[in-house]
Participant: 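Sharing a structure with you now.
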Amino acid sequence: MRVNERVFRLTSAWIGGFITIVITTRLILADQWSADSRISHPGYADFFFSAQAFSMLQGRWDVAPADLPGECYFVDDQCIGYYGITPSILRLPFLMRVPLTAPPMEHGLSALMTILALAIAVIASILIVDQVWRTTTNTVQESQVPLVRMLPYLLAIVVVGPGTLLIQLARPAVYEEAIAWAAAFSLLGIWLFLRWLSSQRNSLLVPTIMAFILAANARPTGAVIGLGLGAVALLLIIAKQVKRTPTSILAGTLLALLPMLSTFAVFQMKFDTPVPSLTLNEQIPESPHWAAIFEANGGHGFSPTFIPTTAWSYLRPDSLGLRPDTPSFAGSLQLVTLTPEFREPTWLWPLNPGGLYYEPVASITSLAPVGLALTIVALIWPARIRGQFTYPAWVSRVLVLAAGLGSVLALTTAAVTSRYLGDFVPLIVTGTALAVPSLSIMANKRPKTAAIASATLITLGLIGSIVSVSVLSTQTLL
């Protein structure tokens, strides 16, 4: 069976993106409608970014403690949020006409802004897949191609669309929104960087730098991905894979440095230090729980010693169990819901037991096993990107590693929580995009094997989406 290549790509991308955006929007609105007033709800703090935007318009940083319950960093007795300024800047068009003396709008626009952030992230994920596909396969040069050669493209859309870890961010809260915007702008930056690789038009590095500055000022994980891609650009220049010009050298250097420096600058203005201590958080000196955590880990908020424990928590295959009080669905049918199984992590050396904050978390192997497997494939057998010439395979590998730097930062944090799965999205998306063209190449020699592999993985990806929705719905109900 043969299909029109362009129609297949566009149809798959549009349907996959639409379904994913509908899923995330439905989950966010269900959470928003199911709650009572969240004006002072410490689990959401969804007034904060609007409150910070009002403060910025008045030339200050502090907000009322009620706008950031339980998460204030107190500096000179003023409540200042650790969270970045990107979500607040994006609210300014909505708030510019509101009197500065007025209180922030109800719910702080978190539901709307999180829906928008996740929609942009989904679209950017699909753009990355399409960009890599068009620059690594020969299908785009043909109008009609065998269906088996296009199934890997559909697989990629399923993984970065309905099967995405972004679903775990579908919650209208300050925490999830910050990570969602960081993921969205990081993915846009990666897409722009891939376009630069293909065309070597240095003008594309300008919006790439801007995307990572916005990502970094939503969550610092965006800064380290920008640092990684800037290093990749400079490495390509040194290796003579990219034309060496003063413009390309400057752009690569700025991509590596500006996102990080902008984050440091904002922290300096807020806290009088470029790297604020976690001990400024109001919970730390007041909570016996956090006191015990810092005593156990030697007073570290970030440390490589966390990596074995956090990595196992995010990767363990046995992280989920059936929820015993399964709700009824459509009368006699039962809606099977899953919930994170472990209330305590498996403490691994060198971290002492009790040395980090832990929330029950669903693992990547439970929610996105196909994306994880494809990312590993991309490190072993990656597609080779074409531009003015075909880049060597190591270029694709370092791209995957650079996209994964944000997840490394999450692994070194003294906390394990489901929302941090969003930090793994750039890694999974980039890895998936650079792995699936290899399946299309396989289809030329072993069409039956490629068809079975693609169909099986597509099914597993869709099951992962159902599991992901089930887990988030269960956590919302709990």
Side-chain angles (χ1 to χ4, degrees), residues 84-86 89-90 120-121 124-125 127-128 131-132 135 178-179 181-268 274-275 378 382 385 387-388 391-392 394-410 423-427 429-431 433-434:
I85 61 174
T86 293
I89 291 173
L90 296 172
I120 292 173
S125 298
L127 287 173
I128 289 172
Q131 176 67 24
V132 171
T135 56
I179 299 172
W181 281 119
F185 284 114
S186 293
L187 291 165
L188 282 174
I190 292 169
W191 171 60
L192 290 165
F193 189 86
L194 288 167
R195 290 186 61 196
W196 170 73
L197 272 182
S198 299
S199 66
Q200 294 198 17
R201 287 190 291 122
N202 290 327
S203 59
L204 285 169
L205 289 178
V206 175
T208 304
I209 294 168
M210 292 302 302
F212 279 107
I213 289 174
L214 289 169
N217 284 283
R219 181 166 167 80
T221 48
V224 292
I225 298 176
L227 174 65
L229 289 180
V232 171
L234 294 175
L235 180 62
L236 291 172
I237 293 170
I238 294 171
K240 298 182 180 179
Q241 298 294 322
V242 172
K243 187 176 181 181
R244 182 181 302 182
T245 66
T247 301
S248 63
I249 295 172
L250 176 62
T253 303
L254 292 178
L255 176 57
L257 297 179
L258 278 186
M260 188 78 70
L261 292 176
S262 68
T263 303
F264 289 155
V266 171
F267 282 155
Q268 181 67 41
V275 185
I385 298 171
Q388 297 178 359
Y391 290 98
W394 67 261
V395 175
S396 298
R397 293 189 181 99
V398 296
L399 281 174
V400 176
L401 294 175
L405 288 177
S407 57
V408 173
L409 187 60
D423 294 325
F424 293 84
V425 169
L427 170 65
V429 170
T430 306
L434 286 165

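What you see below is based on every heavy atom in this structure, not just the backbone, and it leaves out hydrogens, waters and symmetry mates.
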Participant: Could you grab the distance from atom CE of M260 to atom CD1 of I225, nearest 0.5 Å is fine?
Facilitator: 10.5 Å

Participant: Which pair of non-hydrogen atoms, one from A402 and one from L229, has the smallest distance, and what is that distance?
Facilitator: CB-CD2, 3.8 Å

Participant: Are the side chains of S396 and I385 in touch, meaning some heavy atoms are under 4.5 Å apart?
Facilitator: yes

Participant: If you take all heavy atoms of S125 and L187, which pair is closest and at what distance?
Facilitator: OG-CD1, 3.4 Å

Participant: How about W181 and I120: do any of their side-chain heavy atoms sit closer than 4.5 Å?
Facilitator: yes

Participant: With a 4.5 Å limit on heavy-atom distance, are the side chains of L90 and L214 in contact?
Facilitator: no

Participant: What distance separates L399 CG from L236 CG, expressed to the nearest 0.5 Å?
Facilitator: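 One finds 7.5 Å between CG of L399 and CG of L236.
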
Participant: Does any N or O in the side chain of S199 come within less than 3.5 Å of the main-chain N or O of R195, such that one atom is a donor and the other an acceptor?
Facilitator: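 It does hold such a pair.
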
Participant: Kindly compute the distance separating CG (L258) from CD1 (I209), expressed to the nearest 0.5 Å.
Facilitator: 6.0 Å

Participant: Check A182 against A218 and note the closest heavy-atom contact, atom names and distance.
Facilitator: N-CB, 3.6 Å

Participant: What pair of heavy atoms forms the shortest contact from L427 to V400, and how long is it?
Facilitator: CD1-O, 3.5 Å

Participant: Do S186 and T221 touch side chain to side chain, with heavy atoms closer than 4.5 Å?
Facilitator: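 When only atoms from C-beta onward are counted, T221 and S186 do not touch, as no gap falls below 4.5 Å.
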
Participant: Hey, what do you get for OG1 (T135) to CG (L194), rounding to the nearest 0.5 Å?
Facilitator: 7.0 Å

Participant: Can you name the closest pair of heavy atoms from I213 and S262 and give their distance?
Facilitator: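 The answer is CG2-OG, 3.9 Å.
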
Participant: Tell me, with the steps shown, if L235 and W394 meet side chain to side chain contact (heavy atoms under 4.5 Å, CB included).
Facilitator: CA-CA 11 Å; L235 180 62; W394 67 261; 3.6 Å; yes

Participant: Output all residues satisfying ring pair (Phe, Tyr, Trp, His ring centres under 6.0 Å) with F212, sequence neighbours left out; order by chain, then residue number.
Facilitator: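 For F212, no residue satisfies ring pair (Phe, Tyr, Trp, His ring centres under 6.0 Å) once neighbours in sequence are set aside.
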
Participant: Listed by chain and number, what are the ring pair (Phe, Tyr, Trp, His ring centres under 6.0 Å) partners of W191, not counting sequence neighbours?
Facilitator: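 Expected list: none.
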
Participant: Hey, can you tell me if F193 and W196 have their rings parallel, tilted or perpendicular (30° and 60° cut-offs)?
Facilitator: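 Judged by the thresholds at 30° and 60°, the geometry between F193 and W196 is tilted.
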
Participant: What's the separation between atom CD in Q200 and atom CG in L205, rounded to the nearest 0.5 Å?
Facilitator: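 If we round to the nearest 0.5 Å, Q200:CD and L205:CG are 10.0 Å apart.
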
Participant: With a 4.5 Å limit on heavy-atom distance, are the side chains of L409 and D423 in contact?
Facilitator: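 The answer is no, as the side chains (C-beta and beyond) never meet within the 4.5 Å cut-off.
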
Participant: So which atom in A378 and which in R397 form the shortest heavy-atom distance, rounded to 0.1 Å?
Facilitator: O-CG, 4.1 Å

Participant: Under a 4.5 Å cut-off applied to non-hydrogen side-chain atoms, are K243 and S248 in contact?
Facilitator: no

Participant: Are F185 and I190 close enough, and set up right, to give a side chain to side chain contact (heavy atoms under 4.5 Å, CB included), and what steps lead you there?
Facilitator: CA-CA 9 Å; F185 284 114; I190 292 169; over 6 Å; no

Participant: For the pair Q241 and Y391, evaluate side chain to side chain contact (heavy atoms under 4.5 Å, CB included) and give the outcome as yes or no after the intermediate values.
Facilitator: CA-CA 7 Å; Q241 298 294 322; Y391 290 98; 4.0 Å; yes

Participant: Out of curiosity, Q268 CD to T263 OG1, how far, rounded to the nearest 0.5 Å?
Facilitator: 13.0 Å

